[in-house]
Enquirer: 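Please see the structure below; I have some questions.
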Amino acid sequence: MIGQLEDLLTQLEQLREQAIAELASITTSAQLDEWDTRYLGRNRGELKNLSAVMPKLSKEERPVVGQKINAVKSTLEQELKAKREELKQREMLQTLEQERIDVTLPGRALPAGHMHPLSRTIQDVSAIFMKMGFQIVQGPEIETDYYNFQALNVPEDHPARDMQDTFWVSPGEILLRTQTSPMQIRTMKQQQPPVRVLVPGKVYRNENIDVSHEAMFHQIEGLLIDEHCTMADLKGVLERFAHEMFGPERRLRFRGSYFPFTEPSAEVDISCASCNGTGCRVCKYTGWLEILGSGMVHPKVLREVGYDPAKYRGFAFGMGVERIAMLQYNVNDIRLFSGNDLRFLRQF
Ligand code: 2NL
């Protein structure tokens with residue numbers, strides 16, 4: 001029996017040496033897992049196999065072999081733990097090496113977009129009037145007949161009220177606003193004078209589409225109400241606007257006109273920038289370009305919003321944003337603004 005015992009102890013010692021020798025050549029976690037199963041595996045591990053003889057040993061032999069098994073097991077477990085740590089460090093270094101980035105490389109530029117030309121024009125016009133104390137307000141595009149027509153003194157038989165010219169949501173009642181003035185009516189009903197507002201926004205008219213007409217376009221309307229407001233104030237404000245917008249050398253011309261909501265009314269032209277007023281193709285040989293419509297707010301409109309026409313006066317004006325942008329950027333077809341052709345848009 002003694003011979004057998006020594007044999008067993010030698011086998012255990014050899015197992016230890018073999019396992020440690022193999023460990024040295026292991027380079028991956030997967031190989032290490034295999035090693036773990038082969039030597040320390042609870043099911044068919046080499047150490048477990050050698051332990052199987054234990055029940056056959058004598059009472060005296062058992063603790064000797066048991067101690068040796070425990071010693072080998074504990075050594076191998078320690079070695080395993082150390083190797084795991086070593087591999088982890090090595091794999092980390094490898095990852096760091098592989099995923100190395102050059103932080104000094106130039107970045108990839110994201111393609112930057114820019115503002116739509118109509119938004120630019122709205123912003124330019126708004127900035128000029130804001131400097132003169134106007135507040136920018138916006139309102140609903142779906143309106144009632146009352147705010148769009150009745151409150152603005154547009155008579156029952158006015159061509160604008162024709163069922164053909166307006167987009168009705170429910171005929172005679174709800175509509176797509178044909179101008180931004182309904183928002184000015186709402187503003188006046190909400191506050192007492194003085195009022196200085198500028199209302200940019202989309203408006204809708206049932207037009208035959210051509211180079212200068214679209215069914216949806218943009219308008220900017222302005223309104224000022226105060227005591228002692230005269231036509232001279234209207235002219236001064238609009239001249240200041242035209243000079244800031246189109247240049248100080250532009251001259252202005254006020255032509256008598258008619259709108260139901262203003263009295264008197266005037267259309268405003270600026271001298272043509274292409275020919276300086278001498279006549280060319282741009283101004284159709286007139287020397288002048290129409291930029292907006294304007295007038296003194298009709299007393300009926302003032303009374304309708306609850307203002308006393310004997311105490312308060314006001315002026316109002318309206319301009320088509322597309323028309324202004326066409327003059328500003330020399331564009332010859334209104335449809336380009338809503339066409340979203342990038343070859344057009346990228347020019348701005
Ligand atoms: C044009 C003419 C205009 C107005 C709009 C207005 C608004 C109120 C009262 C009185 Cl609340 N008037 N707006 C006045 C005159 C002309 O627009 O040709 N627009 C493109």
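The chain is numbered in sequence order, starting from 1. All heavy atoms count here, side chains included; hydrogens, waters and symmetry mates do not. In listed order, ligands and their atoms are each counted from 1.
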Enquirer: Would one find more than 12 heavy atoms of other residues, nucleotides or ligands at under 6.0 Å from atom CE of Met216?
Expert: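 For Met216, atom CE is crowded (more than 12 foreign heavy atoms under 6.0 Å).
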Enquirer: Considering the options Glu77, Lys48, Gln18, which one meets the side chain to side chain donor-acceptor pair (under 3.5 Å) requirement together with Tyr39?
Expert: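 In the set Glu77, Lys48, Gln18, the residue that makes a side chain to side chain donor-acceptor pair (under 3.5 Å) with Tyr39 is Gln18.
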Enquirer: Pair up each side-chain donor or acceptor in residues 132-144 with any protein partner under 3.5 Å, not counting sequence neighbours, and list the distances.
Expert:
unit_1 : atom_1 : unit_2 : atom_2 : d
Glu141 : OE1    : Tyr204 : OH     : 2.5
Glu143 : OE1    : Arg186 : NH2    : 2.8
Glu143 : OE2    : Arg186 : NE     : 2.9
Glu143 : OE2    : Arg186 : NH2    : 3.4
Thr144 : OG1    : Tyr147 : N      : 3.4

Enquirer: Whether Glu290 and Arg255 form a salt bridge (side-chain N of Lys/Arg under 4.0 Å from carboxylate O of Asp/Glu) is what I want to check.
Expert: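 Looking at Arg255 and Glu290, the cut-off is met.
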Enquirer: State whether Lys81 and Asp36 are salt-bridged, where the test is any N-O pair (Lys NZ or Arg NE/NH1/NH2 against Asp/Glu carboxylate O) under 4.0 Å.
Expert: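 Not counted as a salt bridge, because no side-chain N and carboxylate O are separated by less than 4.0 Å.
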Enquirer: For residues Tyr146 and Glu304, is any side-chain donor paired with an opposing acceptor at under 3.5 Å?
Expert: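 Yes, side-chain donor-acceptor contact under 3.5 Å.
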Enquirer: For a distance cut-off of 3.5 Å, show me each N or O of ligand 1 paired with any protein N or O, plus the separation.
Expert:
unit_1   : atom_1 : unit_2 : atom_2 : d
ligand 1 : 13 (N) : Glu221 : OE1    : 2.6
ligand 1 : 19 (N) : Gln219 : NE2    : 3.3
ligand 1 : 19 (N) : Gly318 : O      : 3.3

